[in-house]
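Only this structure's heavy atoms are used, side chains among them; waters, hydrogens and symmetry mates stay out.
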Amino acid sequence: MHDCLPILLNRGGEEGIALKTKDMMKSRQVWVPGPVIVGAGPSGMAAAACLKVKGVPSMVIERSSCIASLWQLRTYDRLRLHLPKKFCELPLMPFPDSFPTYPTKQQFITYLEAYAKRFDLNPVFNEMVEKASYALGFWRVHTRSAEGAMTEYVCRWLVVATGENSEAVVPEIEGMGEFKGPVEHTSWYRSGDAFREKKVLVVGCGNSGMEVALDLCNHHAHPTLVVRDALHVLPREILGRSTFGLSMCLLKWFPVRVVDTFLLFMSWLMLGDTSFVGLNRPSIGPLELKAVSGKTPVLDIGTLSKIKSGHIKVRPAIKKMTMNGAEFIDGRVDDFDAVILATGYRSNVPSWLKESDFFSDVDGLPRKPFPNGWKGEKGLYAVGFTKRGLMGSSMDALRIAQDIEHCWKAHA
């Protein structure tokens, strides 16, 4: 750095200092006075907004061309928030009163765009973080633009906001290469209209898999749902209130196992015994399971009735794929025209963050369990890794902004 010439640079509405290198067209170094936030999804936007209202500037770096790229580019058309909007709003700005209890995909995107505009958040788009490491008292974040230009951002604080859903999980299934039909992950699925009258195998039975199967059914396709493990299916609402909201209220007064007993009893009254249609429940209750493993219960929005009526078939785990379909572990063989992998996402943090004390190099999540997984050492933070959705992201963002504010004022 001793042979670099400092010049002024303005990026994302914040003033920084660029250090001119020998070849400015190929690489440059940028000093960022405040934190660098990697990821312009809801979590990154929340962190940037909370910092801004405290007078702390930040720079948000995003690999895609827009905010909330998962929502804008990799979600199906019929998607709605699975929880009521009051549990999904970001800090400092509620949803419009005109929005329904469960906003649509487009309504949520509109809300996020309004959020970015209100707090004047201007991420640097189309820059992929290739490496971030700590050296000599600073974080150094190396990025590559869509055009190939390389930049090194130097900062005192690094906020990782790439979240739990950075990369699609594509499982290895024996014989998948022999299957002659199309195979796509739900990140590419948009609507069941493209599969009208086709037999479609949906692999995965979380909220996305269940909803995609319902969407296919509503578009006159013939879906089969692979249910490999036991799972909890709960009604989305109980006694006129959201199941999630009711659970949060009851947990203030009763132990988890008591609330779980109540949820399972109400689910049995409203949905019946799901094991009769191939959906076996785990041995522990839904809230306890969520706390132990992070596995979210499915909130039913109509899929279960389609399973009961036979419009959606249920099969156990796949033994192997064939040229025309699949063989299951119970010995049955079915033909299919297409396969949709509702197999979820994973964190990509280990691929670029050169640090292994705070983030696990196995699953890319903070090693400390909630609610202590937001702060690491040497100015490293995490937002959006709580396995508690947008409400968890908001809690993280508020904590991070308050913590960095203290350091910011101390250095002022």
Next item on the list: Check ring pair (Phe, Tyr, Trp, His ring centres under 6.0 Å) between F358 and all other residues, then give those that pass, not counting sequence neighbours.
Entry: none
Checklist line | Pair L239-M266, side-chain contact (heavy atoms from CB on, under 4.5 Å): steps then yes or no | finding: CA-CA 9 Å; L239 303 176; M266 294 303 298; 4.1 Å; yes
Note to self: Quick check: do V170 and T343 have side-chain heavy atoms less than 4.5 Å from each other?
What the structure shows: no
Check: Mind checking whether W31 and F138 have parallel, tilted or perpendicular rings, split at 30° and 60°?
Finding: perpendicular
Note to self: For K86, is the NZ atom crowded, meaning more than 12 foreign heavy atoms sit under 6.0 Å from it?
What the structure shows: no
Check: Distance-only, no hydrogens or angles: does the K85 side chain make a donor-acceptor pair with backbone N or O of F99 under 3.5 Å?
Finding: yes
Next item on the list: Indicate yes or no: at least one non-hydrogen side-chain atom of S393 is less than 4.5 angstrom from one of P42.
Entry: no
Margin query: How long is the straight-line distance from CD1 of I173 back to CD1 of I318, given to the nearest 0.5 Å?
Written below: 4.0 Å
Margin query: Between R388 (side chain only) and F385 (backbone N and O only), is there a donor and an acceptor less than 3.5 Å apart?
Written below: no
Next item on the list: Tell me whether the centres of the aromatic rings in F262 and F254 are closer together than 6.0 Å.
Entry: no
Item checked: Over 12 foreign heavy atoms within 6.0 Å of NZ, K105 -> yes
Check: Which heavy-atom pair separates G34 from W157 by the least distance, and what is that distance?
Finding: C-CE3, 3.9 Å
Check: With sequence neighbours left out, which residue pairs that include part of residues 234-243 fulfil the side chain to side chain donor-acceptor pair (under 3.5 Å) condition?
Finding: Y102-E237
Next item on the list: Decide, yes or no, whether a salt bridge links E211 with R78 under the criterion of side-chain N to carboxylate O below 4.0 Å.
Entry: yes
Notebook entry, point to check: Would a distance-only check, ignoring hydrogens and angles, find a side-chain to backbone donor-acceptor pair under 3.5 Å from S305 to G302?
Noted result: yes
Margin query: Checking the side chain of H185 only, and the main-chain atoms of S187 only, is there a donor and an acceptor separated by less than 3.5 Å?
Written below: yes
Note to self: Tell me which pairs pass side chain to side chain donor-acceptor pair (under 3.5 Å) where either residue lies in residues 89-100, with sequence neighbours left out.
What the structure shows: none
Item checked: L341/W188 under side-chain contact (heavy atoms from CB on, under 4.5 Å): CA gap, chis, key distance, verdict -> CA-CA 10 Å; L341 301 173; W188 294 101; over 6 Å; no
Margin query: Could you go through Q106 and I109, starting from their C-alpha distance and side-chain angles, then the distance that decides it, and tell me whether this counts as side-chain contact (heavy atoms from CB on, under 4.5 Å)?
Written below: CA-CA 5 Å; Q106 189 53 54; I109 292 171; 4.1 Å; yes
Item checked: Heavy-atom donor-acceptor pair, K308 side chain to L271 backbone, under 3.5 Å -> yes
Notebook entry, point to check: Going from CG on L398 to CG on D403, what distance comes out if it is rounded to the nearest 0.5 angstrom?
Noted result: 12.5 Å
Check: Going by the side chain to side chain donor-acceptor pair (under 3.5 Å) test, which pairs reach into residues 259-275, not counting sequence neighbours?
Finding: D273-S275
Margin query: Other residues, nucleotides and ligands only: do more than 12 of their heavy atoms fall within 6.0 Å of CZ on R228?
Written below: no
Note to self: Check whether W139 reaches the backbone of K378 with its side chain - one donor and one acceptor, N or O, closer than 3.5 Å.
What the structure shows: yes
Notebook entry, point to check: Do the side chains of P316 and R332 get nearer than 4.5 Å, heavy atoms only?
Noted result: yes
Next item on the list: Classify the ring geometry between Y189 and F195 as parallel (under 30°), tilted (30 to 60°) or perpendicular (over 60°).
Entry: parallel
Check: What is the distance from atom OG of S145 to atom CG of N126, rounded to the nearest 0.5 Å?
Finding: 8.0 Å
Margin query: Quick check on H311: does its NE2 atom have over 12 non-hydrogen neighbours (other residues, nucleotides or ligands) under 6.0 Å away?
Written below: no
Item checked: Heavy-atom side-chain proximity of D229 to K295 below 4.5 angstrom -> yes
Check: How long is the span from the OH atom in Y134 to the CG atom in L158, to the nearest 0.5 Å?
Finding: 11.5 Å
Check: Between atom CD1 of I37 and atom OG of S43, what is the distance when rounded to the nearest 0.5 Å?
Finding: 10.5 Å
Next item on the list: Evaluate the side-chain contact (heavy atoms from CB on, under 4.5 Å) criterion for residues V202 and I312: first the C-alpha distance (whole Å), next the side-chain angles of each, then the deciding distance (0.1 Å), finally the verdict.
Entry: CA-CA 10 Å; V202 181; I312 298 176; over 6 Å; no
Check: E62 side chain to P123 main-chain N or O, any donor-acceptor pair under 3.5 Å?
Finding: no
Notebook entry, point to check: Could you walk me through whether R367 and E377 pass the salt bridge (Lys or Arg N to Asp or Glu O under 4.0 Å) check?
Noted result: CA-CA 13 Å; R367 294 182 184 276; E377 300 292 332; over 6 Å; no
Item checked: Sidechain-backbone polar pair: T303 side chain, D300 backbone, donor-acceptor under 3.5 Å -> no
Checklist line | Within residues 280-289 or reaching into it, pairs that qualify as side chain to side chain donor-acceptor pair (under 3.5 Å) - sequence neighbours excluded | finding: H232-R281, R257-E288
Notebook entry, point to check: Hey, does N218 have a side-chain heavy atom less than 4.5 Å from the side chain of K306?
Noted result: yes
Check: Any sub-3.5 Å donor-acceptor pair from K199's side-chain atoms to D335's backbone N or O?
Finding: yes
Notebook entry, point to check: Got a sec: does the NZ of K198 have more than 12 other heavy atoms crowding it under 6.0 Å?
Noted result: no
Margin query: Ignoring hydrogens, what is the shortest heavy-atom contact between F125 and I67? Give both atom names and the distance.
Written below: CE2-N, 3.6 Å
Next item on the list: Tell me, please, which residues at least two apart from F95 pass ring pair (Phe, Tyr, Trp, His ring centres under 6.0 Å).
Entry: Y111
Next item on the list: Determine whether more than 12 heavy atoms belonging to other residues, nucleotides or ligands lie under 6.0 Å from atom NZ of K131.
Entry: no
Next item on the list: To the nearest 0.5 Å, tell me how far L121 CG sits from E113 CD.
Entry: 12.5 Å
Checklist line | Enclosure of K290 NZ (heavy-atom neighbours >12, cutoff 6.0 Å) | finding: yes
Notebook entry, point to check: Sub-3.5 Å donor-acceptor pair from the side chain of N207 to the main-chain atoms of L299, do we have one?
Noted result: yes
